[in-house]
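Report on one structure; see the data block that follows.
Computed from heavy atoms alone, side chains included, the values below leave out hydrogens, waters and symmetry copies.
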Amino acid sequence: MNETRSIEKFGSAPSSAALRKSYDTVPYRNLPKPFTHISRISAIAAWRGLTPAPPRSCRVLELGCADGGNLLPMAADYPGSQFVGIDLSPVQVDMGRQAIRDLSLDNFELRTGDILELGADDLERFDYIIVDGVFSWVPFAVQERILAICRDHLEETGIAFVSYNTYPGWHGKQALGELMRYHTNQISDPRDKAVAAQDLIHRLANQTRLPDDPAAMLVHRLQQDLEKSDDPITYLVHEYLIDTNQPLYFKEFLDRIEAFALQYVDDAFPASTAPDRLVPELRQWVVERYDNYKEQQQYVDFLANVAFRRSLLCHGHLHVDRKIDFGRLQSLHAVATCRREESQDGVIHFRTDAGRKFCVEHSVLQTALDLLAADRPASMPVAQFRDTLGEDVTDDEAADMVECMMLGGALEVTFEPRRCTRTIDPRPCLSPLCRQLSTTGLVTTAAHRPVRLENAFQQQLAQLLDGTHTVGELTSLVQQRVKPYKPLSAARWDSLVRDQLEWLAEQGLLQQA
């Protein structure tokens, strides 16, 4: 049987009705995104010399919020702030409104709306505007409206978060997307298309004869993304099989935002776009050849094949200071994103969560990092971190160390302290939000990261952690609720509960009662 099929390229401009139908048919669950958390956004803004509103007292807008799952934990953590989410899909908004009612949150509102049709009367002014996973997936006119909203509805000291796909990294992904669209263009149902595309990727990933071939590497990375995804079918529908996906070069994005009197502050994950991610020879070449920060950033994208950015923006007339200043850092909080590895030839090595290995020769910095890593994912005031470095280290040297660790991906900063503890208190406690969400099997850590509770044992234990029960009482209560396949001794029950409490602490879920 002969088939006539066309190659469908990205870049078309579907109508709002078509986009609405896509998300109504295959709702996109908006899980918490760590880099969008206002405590991280505000910390980076403060690091760059700006004066953002404190997370505990601010107004936040998210455009394209889906079911509001990204804002929900923030609204629960900061009852003194106000949160508004707007999405095109009434199906997704209705799902989110039910969750808000279940949690009795009175500081969080979800609205149905078309970004193109939002006028001055529809929006207030906000301290933070979040636009994650939207900009590259909508037509040019909607992109322009997003930037206009950021210009017109950000408070004077407001910060906008806008994520988007970038070239050159997206060239390879775009080719994979066109392959999947070609393979599935005679299938009408979006879920069936995604199932067929997933099968294709699985077949391609098994072709291991040329593991170093660029195409094989792209397929392997996509398969890794699918394995990490909570819902790979939905991910494929809205990331690769969608009608619109318009990546752009970072320099093009800068030109676009400057036309709206906005300016670039930094990436919400500074280590992902800093010259420090390059090998030393290339890093030195870029920094020495280009003293212009924007040029450095564009070359990082070229040399590191960057495919995605999370840009923080502010009003163009504000002064963004890229000089190192300990005074701006000392009021923030540091969180380790690295772990020590076994000593090799007497040299202490650490490895970042992203896999980058580095050595630390300064003994006091080794000690400070060890202390920070021991408490992860809890935070430590930067001022306390500085104290561990001792009086022989000047404030300027301390600031340089902290910044180098940030740009190298070894630590991150937050505006507010992390609401978690690595210590198992006599009466362990989870937040009310986590206890309620534990019935769904998916909870949110203090790092604003979703974590799945894999079994009934974990879910039942989580529901009991209201800070009123001792570990012994928890063990007795869990025994009453969970029926194992075979009888367990009292010692085994106790061991299981303690192991699970330790796991919850490692994930950043336990709080101080």
Side-chain angles (χ1 to χ4, degrees), residues 27-34 36-37 66-79 83 92 95-108 110 228-231 234 376-378 418-485 488 492-513:
Y28 184 85
R29 188 174 187 185
N30 193 10
L31 298 176
K33 308 293 195 307
T36 68
H37 197 286
D67 61 6
N70 184 47
L71 290 181
L72 190 71
M74 288 187 265
D77 279 346
Y78 300 116
F83 297 82
Q92 295 185 140
M95 292 167 57
R97 284 174 175 166
Q98 184 58 54
I100 292 172
R101 287 192 292 270
D102 291 344
L103 293 165
S104 301
L105 295 175
D106 58 7
N107 64 333
F108 186 13
L110 285 179
K228 290 185 293 185
S229 173
D230 188 66
D231 186 351
T234 301
R376 61 172 293 168
R418 282 270 178 88
R419 298 185 178 184
C420 63
T421 177
R422 283 292 281 117
T423 302
I424 300 175
D425 290 339
R427 298 179 186 273
C429 179
L430 284 185
S431 70
L433 176 66
C434 283
R435 293 202 304 275
Q436 182 151 344
L437 293 181
S438 65
T439 58
T440 70
L442 197 66
V443 295
T444 303
T445 71
H448 201 55
R449 192 179 303 278
V451 169
R452 184 164 292 284
L453 303 178
E454 297 291 350
N455 53 57
F457 184 94
Q458 291 179 333
Q459 293 177 24
Q460 292 293 336
L461 177 61
Q463 292 165 40
L464 293 167
L465 295 174
D466 60 2
T468 65
H469 304 295
T470 65
V471 176
E473 291 168 345
L474 289 169
T475 302
S476 298
L477 290 169
V478 169
Q479 288 184 64
Q480 297 170 22
R481 294 188 176 199
V482 179
K483 304 302 178 185
Y485 292 113
L488 300 176
R492 181 57 178 154
W493 275 110
D494 181 74
S495 176
L496 285 173
V497 168
R498 292 181 183 279
D499 287 347
Q500 288 303 314
L501 290 172
E502 180 62 31
W503 181 81
L504 291 169
E506 289 176 355
Q507 299 303 312
L509 289 165
L510 288 187
Q511 295 187 345
Q512 291 182 335

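- Distance CZ/Arg97 to CZ/Phe108: 10.5 Å, rounded to 0.5 Å.
- No donor-acceptor pair closer than 3.5 Å links the side chain of Gln500 to the backbone N or O of Phe457.
- In this structure, Asn70 contributes its side chain and Lys33 its backbone to a donor-acceptor pair below 3.5 Å.
- Thr444 approaches Pro73 most closely through the heavy-atom pair OG1-CG, 3.7 Å.
- What you find for Met74 and Thr36 is that their closest heavy atoms are CE-O, 4.0 Å.
- Leu433 places none of its side-chain heavy atoms less than 4.5 Å from the side chain of Asp77.
- Between Gly68 and Leu110, the shortest heavy-atom contact is CA-CD2, 4.2 Å.
- One distance of note links CG of Leu496 with CG of Leu461; it measures 10.5 Å at 0.5 Å rounding.
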Scan the side chains in residues 501-513 for donor-acceptor partners under 3.5 Å anywhere in the protein, sequence neighbours excluded, and list what turns up.
unit_1	atom_1	unit_2	atom_2	d
Glu502	OE2	Arg422	NH1	3.2
Glu502	OE2	Arg422	NH2	3.4
Gln511	NE2	Arg419	O	3.4

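- Atoms CD and CG, on Gln98 and Leu103 in that order, are 10.0 Å from each other to the nearest 0.5 Å.
- The closest side-chain heavy-atom distance from Pro377 to Thr445 is not below 4.5 Å.
- Under a cut-off of 6.0 angstrom, the local environment of CZ in Arg449 is sparse, with at most 12 non-hydrogen atoms contributed by other residues, nucleotides or ligands.
- Between Leu437 and Leu442, every side-chain heavy-atom pair lies at or beyond the 4.5 Å cut-off.
- Annotation: ring pair (Phe, Tyr, Trp, His ring centres under 6.0 Å) contacts involving residues 431-454, sequence neighbours excluded, comprise His37-His448.
- Heavy atoms only, all atoms of each residue included: Asp494 and Thr475 are closest at N-CG2, 3.8 Å.
- One N or O on the side chain of Gln458 and one on the backbone of Glu454 form a donor-acceptor pair closer than 3.5 Å.
- Legend: salt bridge (Lys or Arg N to Asp or Glu O under 4.0 Å) pairs involving residues 467-483, not counting sequence neighbours, sorted by first then second residue: Arg427-Glu473.
- When all heavy atoms of Ala462 and Leu453 are compared, the pair lying nearest together is CB-CD1, 4.0 Å.
- Listed here is the closest heavy atom pair of Ser438 and Gln463: OG-CG, 3.1 Å.
- When the options Leu72, Ile100, Leu105, Leu71 are evaluated for a side chain to side chain contact (heavy atoms under 4.5 Å, CB included) with Phe83, the one that passes is Leu71.
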